[in-house]
Amino acid sequence: MSTNTELAKMFHTMATVLEIMGENAFKVNANSKVARALEDLVEDVATIEDVTTIPGVGKSSAKKIAQYIESGEMFEYQQLIASIPHGLLDVMNVQGLGPKTVRRLWQEADVTDIPSLREAIENGRLASLPRMGKKTIENITQSLDFLATNANRTRLGVVLPIAENLIAQLKVLKGVTNMRYAGSLRRGKETIGDIDILASTDEPKLLTDTFCAMSDVEKILAQGDTKCSVRLDVGLQVDMRVVDVVKFGAALLYFTGSKEHNIVLRERAIKQDKKLNEYGLDPSNLSETEEVIYADLGMPWIPPEVREDHGEFACNETPMFITSKDILCDLHCHTPGSDGHMSIEELATIAIARGFHTIAVTDHSQSQGQANGLKPDRLRTHIDLIREKNETISGVTILAGSEVDILPDGTLDYDDELLAMLDIVVASPHAALQQSPEDATKRLLAAIEHPLVHIIGHPTGRIINKRKGLEPDIPTLVAAAVECDTALELNANSYRLDLKDTHVRAACEGGAVIAINTDAHRPEDFDQLQYGILTARRGWAEPKNCINCLEHDELQTWLLRK
DNA sequence: GCCGTTTTCGGCCCGACTGTTTTCAGTCG
């Protein structure tokens, strides 16, 4: 785990402990804020001279960070975690239990962790506490059962289709005038906690009743006039809010978040003697669209993907981030030459249908035995086949490429003579993904600096919720990528999204170019492009930052420079 | 604990729903 991640976890933990101890809520929040800042920090925090330059990090936190970097320990952290049973941190994850209740459970019912909480429920100790009725205990029990089986946030690629399907079913109901998803889904985060749906309707009861009665609803968590929450059988929570159509914009803004973005917006409103909530911006009484609210606060409309209070408030105009329409080619695709399931003809047909001017065939190299990687002889034959198809198929340029393995020591899986025969070389790490950050940085640097490599494919090799992948020093890679004019891939597959959002931003700000590719093995994989686009937008990427936005001849020129 | 387009001290976002209560605290987003 990187120092940043370790420290972020510690600050999160300190915030939770302080909360349970009943500390000042602002102090709690300050610790959470530091944790968040560290999570999103791309540079190694140890390399930053003055950490108080990071927004949210003040003198006190800086001292703790410095102490940890120097000694590997943090006095205050150790003191805090020693002050409560460690298992209480898990109890805080039970839905419906907050700091006040957890403290009471601990001090009045000897609850110290999840097992002792279950035990206290079973032997009736919990029921003897004041304000612990039958219903509350039933809810805690169900939350415990849920927690035991569903710990992770769900991948964007799973949640988005579910949300679209729900909306398609509910939007056609009588009286519904408006319906959209909001929350972290609209912001395009790589994982989603729950689905937020916002609706306007003349028949609110019909909508909420239908929603709660849908066949994939497993449990109704709350059902009021304007708000209801359910849990789907797949384990996802869906919150629906019904709002007046003339207040839809204010509600959309509010429920899209992030919380941190909203807080800054409300603070701005207060400074201008205004008041912003989910019903509108007073006293101007603006609420119909997000745009008018931002405008009244003296700001341009901010795309949802960057509403994280990470610099978007400095924008003087709406940034023109990349969209799917800007993507003119896919430079990383597979065929049965290795482990793909589309012929070259099929690839070409799909590329033409999507309006691409170019598609690259980049099958795996020889080390990828399990993926039917091409031995040098087979690659030569494969290149001939691709060239032949490129001659006979019109309407799209088909590039002969390879996704060549970056071996653990940074060398490539084919010799230079063979690589030089290719139109495009995507070099990716596939094995030895647990090496040290130092080794990973060296390995990837070698590939970036290789004169025949155009793109570094999925640079960290992470699999969301499954595999951490490499932890190279991103600023170092970005600097080298700029120097060598090598593109860093944002692999659009929703399992990967690698580079991730903060890395994309570091790349773009550092002047490196990115490539957004689907790594398609099957026809439907091309639909994953949308997740890559959302992630790129979260990384503030504009078309000028991305080689997939180059016109045909510009791309050829860029490729031939290597 | 952090921060400053009135502030280095005095603030720090705001409303809905639930459950257990006779008027509201706690949790969530």
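Since we're looking at a predicted model, the values are computed, not measured. Naming convention: chains lettered A, B, ... in sequence-line order (proteins, then strands); numbering from 1 in each chain.
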Of A:Lys219, A:Arg231, A:Gln95, the residue whose pairing with A:Gln142 passes side chain to side chain donor-acceptor pair (under 3.5 Å)
A:Lys219
CD of A:Glu267 versus C1' of B:dC3: gap in Å, rounded?
10 Å
Does A:Met214 CE have over 12 foreign heavy atoms under 6.0 Å away?
yes
Here the gap from A:Glu76 atom CD to A:Met14 atom CE, rounded to the nearest 0.5 Å, amounts to 6.5 Å
Which listed nucleotide (B:dC14, B:dC17, B:dG1) is nearest to the side chain of A:Ile270?
B:dC14
Go through B:dT20, B:dC12, B:dT18 for me and flag the one nearest to the A:Ala222 side chain.
B:dT18
Round to a whole Å and report the spacing from CG of A:Leu80 to P of B:dG1.
10 Å
Is any side-chain nitrogen or oxygen of A:Asn262 closer than 4.0 Å to OP1 or OP2 of B:dC14?
no
Just checking A:Ser229: base, sugar-phosphate only, or nothing, at a heavy-atom cut-off of under 4.0 Å?
nothing
Partner of B:dC28 by Watson-Crick or G-U wobble geometry, both contacts under 3.5 Å, or none?
B:dG15
Determine: side-chain N/O of A:Asn277 to OP1/OP2 of B:dC14, distance under 4.0 Å, yes or no.
no
Is atom NZ of A:Lys64 surrounded by more than 12 heavy atoms (other residues, nucleotides or ligands) closer than 6.0 Å?
yes
Write down the distance between CG (A:Asn29) and C1' (B:dC2), rounded to a whole number of angstrom.
10 Å
Can you tell me the distance, in whole Å, between the CG atom of A:Leu129 and the P atom of B:dT21?
12 Å
Taking the side chain as every heavy atom from C-beta outward, state whether A:Glu290 and A:Trp301 have any atom pair closer than 4.5 Å.
yes
Checking A:Arg187 against A:Glu308 for the salt bridge (Lys or Arg N to Asp or Glu O under 4.0 Å) test, could you report, in this order, the C-alpha distance in whole Å, the side-chain angles of both residues, the deciding distance, and whether it holds?
CA-CA 9 Å; A:Arg187 301 203 311 280; A:Glu308 300 287 346; 2.9 Å; yes
Rounded to whole Å, CZ of A:Arg104 lies from P of B:dT20 at a distance of 11 Å
Trace of the side chain to side chain donor-acceptor pair (under 3.5 Å) decision for A:Thr136 with A:Asn139
CA-CA 5 Å; A:Thr136 303; A:Asn139 285 339; 5.8 Å; no
Protein proximity profile, nucleotides 24-29 of chain B - base contact B, sugar-phosphate-only contact S, no contact -, cut-off 4.0 Å on heavy atoms
-BSSSB
Between A:Ser32 and B:dG1, does any side-chain N or O lie under 4.0 Å from OP1 or OP2?
no
Under a 4.5 Å cut-off applied to non-hydrogen side-chain atoms, are A:Arg36 and A:Glu39 in contact?
yes
Only counting residues at least two apart or in another chain, list the ones meeting side-chain contact (heavy atoms from CB on, under 4.5 Å) with A:Asp309.
A:Glu260, A:Val264, A:Glu312, A:Phe313
Do any side-chain nitrogens or oxygens of A:Lys135 fall under 4.0 Å of OP1 or OP2 in B:dC17?
no
Residues from residues 54-73 of chain A lying under 4.0 Å of DNA chain B - heavy atoms
A:Pro55, A:Gly56, A:Val57, A:Gly58, A:Lys59, A:Ser60, A:Ser61, A:Lys64
Closest nucleotide among B:dG15, B:dG1, B:dG19 to the A:Tyr279 side chain
B:dG15
How many whole angstroms separate atom CZ of A:Phe26 from atom P of B:dC3?
15 Å
Provide, to the nearest angstrom, the distance between the CZ atom belonging to A:Arg268 and the P atom belonging to B:dG4.
13 Å
For a quick test of reading the model, state the closest non-hydrogen atom pair linking A:Gln530 to A:Leu160 and the distance between them.
OE1-CD2, 3.4 Å
Could you state the atom-to-atom distance from NZ of A:Lys27 to P of B:dC3 in whole Å?
16 Å
